J.: 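Next up is a structure, given as structure tokens.
These figures come from a predicted structure and were not determined experimentally. Protein chains get the first letters and strands the later ones, always in sequence-line order, with residue 1 at the start of each.
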Amino acid sequence: MQRIAPELIEELHEKREKEHKLPGLDITDGVVMRIAPNPNGPPTLGSARGIIINHEYAKMYDGKFILRFDDTDPKIKRPMLEAYAWYEEDCEWLGAKPDEIVIASDRLDRYYEYAEELIKKGDAYICFCSQQKFKQLKDAKKACPHREKDARTNLESWKKMLAGEYDEGEAVLRIKTDIKHKDPALRDWVAFRIVKMPHPRVGDKYQVWPMLDFESAIEDHLLGITHIIRGKDLMDSEKRQKFVYGYLGWEYPKTSHWGRIKIHEFGKLSTSEMKKAIQEGLYEGWDDPRLPTICSLRRRGIQPDAIRNFMIGLGISETDIAVSMDTLYAENKKIIDPVANRYFFVHDPVRMMIENAPPVVAKAPLHPNIDRGIRQISTRGEVFVCKDDVERMKEGKILRLKDLYNIKITSLKPPKAEYIGNDRSIIERGAIIHWAPVDGAKVEVLAPDYEYNGVGEEGIKSELGNVVQFERFGFVRINSVDGVIRAHFAHK
RNA sequence: GCUCCGGUAGUGUAGCUCGGCCAAUCAUUUGGGAUUCUCACUCCCAAGACUGGGGUUCAAAUCCCCACCGGAGCACCA
């Protein structure tokens with residue numbers, strides 16, 4: 001084919017490529033992308049979308065990828081000290097090492113400077129209304145009495161605010177927009193509020209904290225962000241921020257937004273819900289196999305490139321989507337199948353005597369299609385077989401123990417068989433079962449919904465950290481080999 | 001209630017900007033078959049969609065209007 005129709009092959013390749021391609025960006029001058037998480041827990045599959053897509057674009061245009069921690073809420077969505085490093089690790093593991101890392105809680109002074117500038121220009125004011133009071137006025141398209149205060153008065157109040165003279169909830173800094181704006185979501189929004197609770201990183205150094213809309217607006221400009229791709233829940237955020245950009249004479253980055261992503265298997269778990277459930281002991285930790293965190297997927301043997309391909313395949317449409325982990329698993333299998341060594345693992349093992357069986361050392365390939373060598377398992381007339389297989393057995397049935405020899409079932413109540421040679425041609429399809437040596441290693445496999453206990457080959461112990469396939473069972477990652485082997489289930 | 005944004009097979013996606021080459025792409029999924037010392041992998045075949053209704057036009061998935069459905073924002077959360 002290469003000889004007679006090279007152009008067809010070319011075309012085929014192009015089609016293959018296409019599935020993992022993102023739409024082009026509108027570029028005027030370079031590309032600087034960012035992801036801006038609040039480190040109040042470890043990165044999840046949701047975070048991975050932002051990490052991968054933004055990094056992918058930066059890479060595509062030879063641009064820059066920035067990891068910025070928007071950790072400006074010491075109270076409600078309180079950052080976790082450990083989570084900063086988790087983000088760095090997971091970004092790197094996903095193949096999206098940031099070119100620069102910025103932490104908002106280090107840069108409050110800059111935000112204060114711009115706040116002051118806006119106050120001086122009359123584009124922001126200190127508001128002393130209660131939350132409810134302001135909402136009432138806002139919904140009625142009415143300005144509050146503080147809106148018309150002059151810049152000097154506002155500046156004084158701002159200084160007092162910074163000096164800690166007000167209590168939490170007593171005063172906020174609002175950005176003037178249009179109090180009669182037809183969209184209530186945009187009317188005079190809060191840029192700073194008072195939080196007295198110490199921040200996990202910077203302690204009680206600050207009591208006046210910016211809201212996301214303000215912090216992010218300033219940072220995106222300071223960092224020279226050219227394109228923002230994020231969830232569509234932040235669409236109105238853009239509209240609010242554009243007022244600030246207008247006042248400061250800045251140009252807003254180009255934006256696109258994707259819809260909400262829901263994963264069938266996990267439902268909608270927020271970081272704070274997960275945190276609570278872990279504290280209550282419902283999960284063993286952030287890497288519990290039932291959780292959609294990156295650390296959990298890593299422990300299960302999901303490969304970074306599989307996650308990457310999966311995310312790129314989802315694209316960046318504004319439609320809300322509900323996807324199944326099956327798609328991720330399919331991507332993962334493509335990567336893993338050629339490299340995973342095969343082993344026998346028998347869950348719910350049942351001991352079976354085999355009469356007249358000679359002692360044999362089974363020689364089985366580590367991989368069925370690729371020559372990766374063999375594994376050897378010695379047996380002497382007795383093996384473990386899976387309970388499920390025993391339940392399907394009938395007296396007189398001829399089976400083959402894979403890579404070992406043929407047997408004929410002679411009894412069921414205690415399962416027994418007799419050795420009947422090694423002629424593969426007498427075996428019908430589907431009559432091959434796997435087995436484990438009676439002196440094999442104890443193995444536990446933790447799946448999202450079940451824990452399997454059983455016996456496997458000794459050779460599994462050499463696969464620490466690797467993904468292997470337990471034949472007729474599925475792919476697992478070997479996570480511990482001291483004493484009993486502990487593995488986590490990836491997928492079929 | 002006000003405002004904004006969406007709606008292509010079971011799922012995700014391409015096409016929509018610039019109407020015709022779209023009886024609609026690719027992947028996954030499901031069913032069947034081939035191969036196989038795994039119920040894995042590979043290969044082959046098949047199934048399955050433009051939310052509905054109007055309009056513009058020689059021609060509409062693509063443009064316009066209405067309806068319906070879904071999502072988001074209206075926080076001193078991110």
J.: Atom CG of A:Asp388 to atom C1' of B:C39: distance rounded to whole Å?
T.: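 Spelled out: CG on A:Asp388 to C1' on B:C39 is 12 Å.
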
J.: When you check the phosphate oxygens OP1 and OP2 of B:A78, does a side-chain N or O of A:Arg193 lie under 4.0 Å from one of them?
T.: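 For B:A78, OP1 or OP2 has a side-chain N or O of A:Arg193 closer than 4.0 Å.
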
J.: Does A:Lys138 make a side-chain N or O approach to OP1 or OP2 of B:A75 shorter than 4.0 Å?
T.: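 It does, given that an N or O in the side chain of A:Lys138 lies less than 4.0 Å from OP1 or OP2 of B:A75.
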
J.: Between A:Asp403 and A:Arg424, does at least one N-O distance fall below 4.0 Å, as a salt bridge requires?
T.: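 Not counted as a salt bridge, because no side-chain N and carboxylate O are separated by less than 4.0 Å.
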
J.: Side-chain donor-acceptor pair under 3.5 Å between A:Ser324 and A:Thr327, yes or no?
T.: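 A:Thr327 and A:Ser324 do not have a side-chain donor-acceptor pair below 3.5 Å.
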
J.: Under 3.5 Å, is there a donor-acceptor pair between the A:Arg400 and A:Asn422 side chains?
T.: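 There is such a pair (donor and acceptor under 3.5 Å, judged by atom type) between the side chains of A:Arg400 and A:Asn422.
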
J.: Looking at A:Asp188 and A:Lys138, is any side-chain nitrogen of the basic one under 4.0 Å from a carboxylate oxygen of the acidic one?
T.: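 A salt bridge is absent here (no side-chain N lies under 4.0 Å from a carboxylate O).
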
J.: Looking at A:His488 and A:Pro448, would you say the former's side chain and the latter's main chain have a donor-acceptor pair under 3.5 Å?
T.: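 It does not hold such a pair.
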
J.: Distance between the P atoms of B:A78 and B:C22, in whole angstroms?
T.: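 Result for the P pair: 50 Å, nearest Å.
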
J.: Consider the side chain of A:Leu212, meaning its heavy atoms from C-beta on, and name the nucleotide among B:A78, B:A40, B:G73 that approaches it most closely.
T.: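 Closest nucleotide among those given: B:A78.
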
J.: For RNA chain B, what is the dot-bracket line, given that a base pair needs Watson-Crick (N1 to N3, plus N6-O4 or O6-N4) or G-U wobble (N1-O2 and O6-N3) geometry with both distances under 3.5 Å, and | means paired with another strand?
T.: (((((((..(((.......[.....)))((((((.......))))))...(((((..]....))))))))))))....

J.: Using atom P in both nucleotides, what's the gap between B:G7 and B:C63 to the nearest angstrom?
T.: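 B:G7 and B:C63 have their P atoms separated by 10 Å.
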
J.: May I ask you to verify if any side-chain N or O of A:Lys182 is less than 4.0 angstrom from the OP1 or OP2 atom of B:C4?
T.: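 Affirmative; the distance criterion is met.
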
J.: Among the candidates B:U38, B:U29, B:G71, find the nucleotide nearest to the side-chain atoms of A:Arg260.
T.: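 Of the options given, the side chain of A:Arg260 lies nearest B:G71.
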
J.: For B:U13 and A:Ser317 - does any side-chain N or O of the residue sit under 4.0 Å from the phosphate oxygens OP1/OP2?
T.: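 Yes, A:Ser317 has a side-chain N/O under 4.0 Å of OP1/OP2 on B:U13.
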
J.: Could you check whether A:Asp73 pairs with A:Arg193 (Lys NZ or Arg NE/NH1/NH2 to Asp/Glu carboxylate O, under 4.0 Å)?
T.: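 Here A:Asp73 pairs with A:Arg193 in a salt bridge, since their nearest N and O are under 4.0 Å apart.
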
J.: Find the distance A:Ile194:CD1 to B:C76:P and express it as a whole number of Å.
T.: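 Roughly 13 Å, once rounded to whole Å.
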
J.: What integer number of Å spans the C1' atoms of B:C41 and B:C5?
T.: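 Each nucleotide's C1' atom is 43 Å from the other's.
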
J.: Is there a donor and acceptor pair, one atom on the side chain of A:Glu331 and one on the base of B:U28, closer than 3.5 Å?
T.: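 Looking at the base of B:U28, it does not pair with any donor or acceptor on the side chain of A:Glu331 (distance under 3.5 Å).
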
J.: For A:Asp70, answer base if it contacts any base atom (sugar-phosphate contacts may also be present), sugar-phosphate if it contacts only those atoms, and nothing otherwise; contact means non-hydrogen atoms under 4.0 Å.
T.: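 Touches sugar-phosphate only.
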
J.: A:Lys239 near the nucleic acid: base, sugar-phosphate alone, or nothing, with a heavy-atom cut-off under 4.0 Å?
T.: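 Counting heavy atoms under 4.0 Å across all strands, the contact made by A:Lys239 is with sugar-phosphate only.
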
J.: Between A:Phe134 (CZ) and B:C74 (C1'), how many Å, whole number?
T.: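 It works out to 12 Å between those atoms.
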
J.: Is it the case that the side chain of A:Arg300 and the backbone of A:Val476 share a donor-acceptor pair, with hydrogens and angles ignored and the cut-off at 3.5 Å?
T.: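 Side chain of A:Arg300 to backbone of A:Val476: no pair is present.
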
J.: Of the options B:A40, B:G73, B:G12, whose atoms approach the side-chain atoms of A:Ala322 most closely?
T.: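 Closest nucleotide among those given: B:G12.
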
J.: Which nucleotide in the list B:U28, B:C5, B:A40 gets nearest to the side chain of A:Lys334?
T.: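 Minimum distance to the A:Lys334 side chain belongs to B:U28.
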
J.: Would you say A:Thr72 places a side-chain N or O within less than 4.0 Å of OP1 or OP2 belonging to B:A78?
T.: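 For B:A78, OP1 or OP2 has a side-chain N or O of A:Thr72 closer than 4.0 Å.
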
J.: Taking atom P in both B:C45 and B:C58, what distance in whole Å separates the two?
T.: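 Going atom to atom, P in each nucleotide, I get 42 Å.
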
J.: Think A:Gln469 has a side-chain N or O under 4.0 angstrom from the OP1 or OP2 of B:A40?
T.: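 False: A:Gln469 side-chain N/O out of range (4.0 Å or more) of B:A40 OP1/OP2.
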
J.: A:Ile126 CD1 to B:C76 C1': how many Å, rounded?
T.: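 After rounding, the gap between these two atoms is 12 Å.
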
J.: Counting just side-chain N and O atoms, does A:Lys492 come under 4.0 Å of either OP1 or OP2 of B:C39?
T.: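 The answer is no; no side-chain N or O of A:Lys492 sits under 4.0 Å from OP1 or OP2.
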
J.: Between atom CG in A:Asp236 and atom C1' in B:C2, what is the gap in whole Å?
T.: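 The answer, rounded to whole Å, is 12 Å.
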
J.: A:Arg68 side chain to A:Val102 main-chain N or O, any donor-acceptor pair under 3.5 Å?
T.: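 No, because the side chain of A:Arg68 does not come within donor-acceptor range (under 3.5 Å) of the backbone of A:Val102.
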
J.: Please determine if A:Asp388 and A:Arg392 form a salt bridge, counting it only when a charged side-chain N lies under 4.0 Å from a carboxylate O.
T.: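 Salt bridge between A:Asp388 and A:Arg392, a charged N being under 4.0 Å from a carboxylate O: no.
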
J.: Could you tell me whether A:Glu463 and A:Arg375 have a side-chain N and a carboxylate O separated by less than 4.0 Å?
T.: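 No, no charged N to carboxylate O under 4.0 Å.
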
J.: What nucleotide, of B:U28, B:C39, B:C37, holds the atom closest to the side chain of A:Thr327?
T.: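 It is B:U28.
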
J.: Rounded to whole angstrom, note down the C1' distance from B:A24 over to B:U36.
T.: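 Straight-line distance between the two C1' atoms is 37 Å.
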
J.: At under 4.0 Å between heavy atoms, what does A:Arg240 touch on the DNA or RNA strands: base, sugar-phosphate, or nothing?
T.: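 Contact class for A:Arg240: sugar-phosphate only.
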
J.: If we take the C1' atom in both B:A40 and B:U25, what is their distance in whole Å?
T.: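 After rounding to an integer number of Å, I get 29 Å for this pair.
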
J.: Which residue, A:Asp139 or A:Asp320, contacts RNA chain B at a nucleotide closer to its 5' end, judged by nearest heavy atom?
T.: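 Result: A:Asp320.
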
J.: From the options B:C76, B:C39, B:G71, select the nucleotide whose nearest atom is closest to the side chain of A:Met211.
T.: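 Side chain of A:Met211 sits closest to B:C76.
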
J.: Let me know the distance between CE of A:Met235 and P of B:C74, rounded to the nearest Å.
T.: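 Checked: the CE to P distance equals 15 Å.
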
J.: Using atom CG of A:Leu22 as one end and atom P of B:G15 as the other, report the distance to the nearest whole Å.
T.: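 So the CG-P distance, A:Leu22 to B:G15, works out to 12 Å.
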
J.: If you look at every strand shown and take non-hydrogen atoms under 4.0 Å, does A:Ala36 touch a base, only sugar-phosphate, or nothing?
T.: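 No contact.
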
J.: Considering heavy-atom distances to RNA chain B, does A:Ala171 or A:Arg424 have its closest nucleotide positioned more toward the 5' end?
T.: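 Going by which nucleotide is closer to the 5' end, it is A:Arg424.
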
J.: Please measure how far the C1' atom in B:A47 lies from the corresponding atom in B:C4, and state the result in whole Å.
T.: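 After rounding to an integer number of Å, I get 39 Å for this pair.
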
J.: Starting at OH of A:Tyr329 and ending at P of B:G12, how long is that distance when rounded to a whole Å?
T.: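 Taking OH of A:Tyr329 and P of B:G12, I get 17 Å after rounding.
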
J.: Using the P atom on both, measure B:C69 against B:U28 and round to a whole Å.
T.: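 These two P atoms come out 35 Å apart once rounded.
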
J.: Just checking A:Cys129: base, sugar-phosphate only, or nothing, at a heavy-atom cut-off of under 4.0 Å?
T.: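 Base contact.
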
